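I have placed the structure first, in the form of structure tokens, so that the comments after it can refer back to it.
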Amino acid sequence: MEALSINAPTQASTLPSGLQISEEVEKRYNVVRSVGEQCIHDDELKDLLAKKAAPVCYDGFEPSGRMHIAQGLMKIMNVNKLTSAGCRVKIWIADWFAYMNNKLGGDLKKIRVVGEYFKEIFQAAGMNSENVEFLWSSDEINAKGDEYWPLVMDIACRNSLAQIKRCMPIMGLSENEELSAAHILYVCMQCADTFFLEADICQLGMDQQTVNLLARDYCDVVKRENKPVILSHHMLPGLQQGQKKMSKSDPSSAIFMEDEEAEVNVKIKKAYCPPDIVEGNPCLEYVKHIILPWFSEFTVERDEKYGGNRTFKSFEDITTDYESGQLHPKDLKDALSKSLNKILQPVRDHFKTNSRAKNLLKQVKGYKVTRVIPTASSTKEEDLSINTSASSSAAGLQMSEEAEMKYKIVRSIGEECIQEDELKNLLAKKPAPICYDGFEPSGRMHIAQGVMKVTNVNKLTSAGCQVKIWIADWFAQLNNKLGGDLERIRVVGEYFKEIWQAGGMNNDKVEFLWASDEINGKGSKYWPLVMDIARRNNLRRILRCGQIMGRSETEVLSAAQILYPCMQCADIFLLEADICQLGMDQRKVNMLAREYCADIKRKNKPIILSHHMLPGLQQGQEKMSKSDPSSAIFMEDEEADVNEKISKAYCPPKTVEGNPCLEYVKYIVLPRFNEFKVESEKNGGNKTFNSFEDIVADYETGELHPEDLKKALMKALNITLQVRTFPSINDDTLQQTMSKQSLLKSVFFSKFLASVQSSWNMKLVSFQSLLDVRVINFMYMNDMLLIVTVLSQPVRDHFKTNERAKNLLEQVKAFRVTR
């Protein structure tokens, strides 16, 4: 290669910024600028070279099959020009990107082999390795995941799905094709690469320009002054008519870097090369963009009768002769073949004489070049009806009484269980199954999140389960809760933990895990899992999961809301969850996890235990809304607040369906107290209900009046907000059938009493005195003691007397609930 020195005389110039450019900088600029067919922007490039002696240039490739000359020779020439101008070049070996784009079937081992083969070629063909770094994307991202992934998520949050889809040409796709979720993640990651690599210049092909422009737009959004300069090089076409670029899946369209001389000759001979036509002529393109830059000349050898030998120094002279007919296509092709073979001969020799290179080439040639675009999941969402009443005999397993009791406790949590026979099997075989629960910290806590979660978690731990509560801070950010402010989201998470502690959650066998901390700590395991889930699911399937974020698939979504379901699905496996204990609104992503298990042939699928979703207090509100305080009872609401909200709640006479007041009795009051007491002087007197069916019967007939129902509900809720569930003490006596009287005589009593006094510094005269003043309540199922609840400091009082809790609540109340 002889064209790297620019000998034309140069003069100093001045930038629009007023900066004087020296002749040396002007010369460097000319070298760097010659790499790009287009530069955005020239003045920024000059300014950069004037201020920075060694700017960082970002280039990269997907290892995805044999290397053609567009990837090989053009990259080598460009890199050598850049380093000669003082640039540092970081070449991004995008193995994870090839994986997401389903290259080589998504086989990372094969992709790694191809990456090593590419490096061998660059070395053999003459790339200047000084000031050049080859960086494997997977290695670099794993090493600095805590820096990389928040950047990816921020880019995803700040760009709509439509904006990201417009970048599909970077993967050889169009936005109208059947896309996978991974294609959306891919664009966000490639945009992040620019900043992660601290690139001053993005030196990539014209087909990558949309994502490079996305990076510049991101700089505007985040008020970043130093935008990357975009230097987009020309894309060599394929050898056949109309082929915009070479294709590895069509060998006749491309010259490969280790093609034998005869193969090059045959391919060029068959190449499209219409007489007298320059436009769209691939043979002339190769002369212009490879031969002339490499040799600084193009020599045509021919008989004297056809004009004799001629050496061209410029492309203009070649086109003049070709358009006039003085340069015949055959002579052009013969000269092109000879020049290409001269360039490629050192590469051939290297792959014949170097044993490592030879072995790599053999492997690469054996790989089938594939890119499978996912189609709709074989398990359609509409077909997810599952027989949830299957008996334990389906598993062929005889359950012990203890396992049967555990099953009844755990199953009582879910409105739906997928599948019951699997749940029975799990509880019979695993003494301490892992249950996954979680929440987005995003404002004040309402009773659906508070009381129901406390009840469910305490049931699970009483049945021997380990509960992992996922504090989904990154997910709240992805869903733009609290404006995506992670500091505020963190405050809300701590406030939630404070409430559950005050509200009586049994912390024995419960772990609170911050998503950001866990993912950063196990990123090398987590993110490949997210990418695999994303590449195995088409975009339509992921869009159907929008409900988990309170979204519909018809809304204008950000790219983050495509990433979110893939991450939530991965959470289940990262946490090694046996049971997904979440609301009915999370069902679709939990089903996605089961589908993923089927796809990867994983036997142990997570059991889905979906609890009921409490509606809002007003008519037609499917669930409580934090942005509408009148729709929700919050855990630290004052008694007057609770009374006012319930008094205004929708509660039509004699109507059960869609009646939120009856829902709260069914799902909060009855599970908490095992009874519902109605006090009425004029409507039939006082009455205690022990079943929801009895309440419904009286309500539908009009015997239970809405006003009396509301008054009883107010009283029960206000008591509930002051009830603390005491941690169950692991003792064999708990497995015995016992009444309140027999409990007094048990070993459990002495342990319980001592633990209460120790935990809360309470001076108790006797256990019976607690019974007399209703400080203790019991919950029974089939005469078995399940939960002991003890009245302690009310949640309201906790947030008035505990300085930490008080400070957290003040901050949370000040946060504006936004999305």
Side-chain angles (χ1 to χ4, degrees), residues 37 59-78 94 98 101 103-104 110-111 113-115 117-122 124-125 127 169-173 204-208 233-274 280-294 329 332-348 350-351 357 360-371:
E37 181 171 298
D59 198 347
F61 63 91
E62 272 188 12
S64 56
R66 294 173 67 193
M67 182 190 287
H68 51 60
I69 56 174
Q71 290 174 307
L73 300 181
M74 288 192 69
K75 193 178 295 292
I76 290 167
M77 288 188 289
N78 290 341
N101 207 9
K103 297 294 181 71
L104 300 174
K110 290 181 179 180
I111 290 167
V113 168
V114 173
Y117 149 84
F118 269 45
K119 288 167 65 179
E120 283 293 327
I121 287 184
F122 290 137
M127 181 179 283
I170 69 172
M171 291 168 276
L173 302 169
L204 297 162
M206 287 292 293
D207 60 340
Q208 306 297 303
H233 64 71
H234 182 74
M235 299 295 296
L236 274 185
L239 291 167
Q240 305 307 314
Q241 186 176 6
Q243 292 178 330
K244 291 184 178 180
K245 61 181 184 178
M246 296 183 181
S247 170
K248 296 178 182 182
S249 58
D250 178 8
S252 67
S253 75
I255 304 293
F256 294 109
M257 289 294 291
E258 4 68 26
D259 271 349
E260 294 294 340
E261 183 175 350
E263 291 176 300
V264 173
N265 294 341
V266 169
K267 289 180 180 181
I268 296 298
K269 184 178 180 180
K270 293 181 178 180
Y272 178 66
C273 190
N281 188 322
C283 293
L284 285 169
E285 287 259 336
Y286 292 9
V287 171
K288 179 181 180 180
H289 293 286
I290 294 179
I291 307 306
L292 280 172
W294 196 279
L332 172 70
K333 286 185 173 184
D334 288 346
L336 175 59
S337 296
K338 185 173 182 178
S339 296
L340 285 174
N341 279 313
K342 186 175 181 181
I343 295 171
L344 296 179
Q345 191 56 47
V347 179
R348 297 176 190 135
H350 180 72
F351 278 90
L360 286 169
L361 179 59
K362 182 179 178 181
Q363 291 182 75
V364 172
K365 282 187 171 181
Y367 298 156
K368 185 178 179 181
V369 177
T370 61
R371 186 180 70 196

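Small disclaimer: the values here were computed from a predicted structure and weren't measured.
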pair [X]-[Y]: side-chain heavy atoms closer than 4.5 Å:
X	Y	result
Asp59	Leu204	yes
Tyr286	Pro237	yes
Leu73	Met257	yes
Ser64	Val114	no
Asn341	Arg348	yes

Spatial distance of atom [atom1] ([X]) from atom [atom2] ([Y]) [nearest 0.5 Å]:
X	Y	atom1	atom2	result
Lys245	Met235	NZ	CE	4.5 Å
Ile343	Ile291	CD1	CD1	4.0 Å
Asn78	Met127	CG	CE	9.0 Å
Leu340	Glu261	CG	CD	11.0 Å

Identify the heavy atoms of Asp259 and Ala254 that sit nearest to each other, and give their distance.
OD2-O, 4.1 Å
Using the ring of each side chain (for Trp, its six-membered ring), is Phe122 parallel, tilted or perpendicular to Phe61, with breaks at 30° and 60°?
perpendicular
Can you check side chain to side chain donor-acceptor pair (under 3.5 Å) on Asp250 and Gln240, steps first, answer last?
CA-CA 10 Å; Asp250 178 8; Gln240 305 307 314; over 6 Å; no
Might you confirm whether atom NZ of Lys288 has over 12 heavy atoms from other residues, nucleotides or ligands at distances under 6.0 Å?
no
Assess whether atom NZ of Lys333 is packed by more than 12 heavy atoms of other residues, nucleotides or ligands within 6.0 Å.
yes
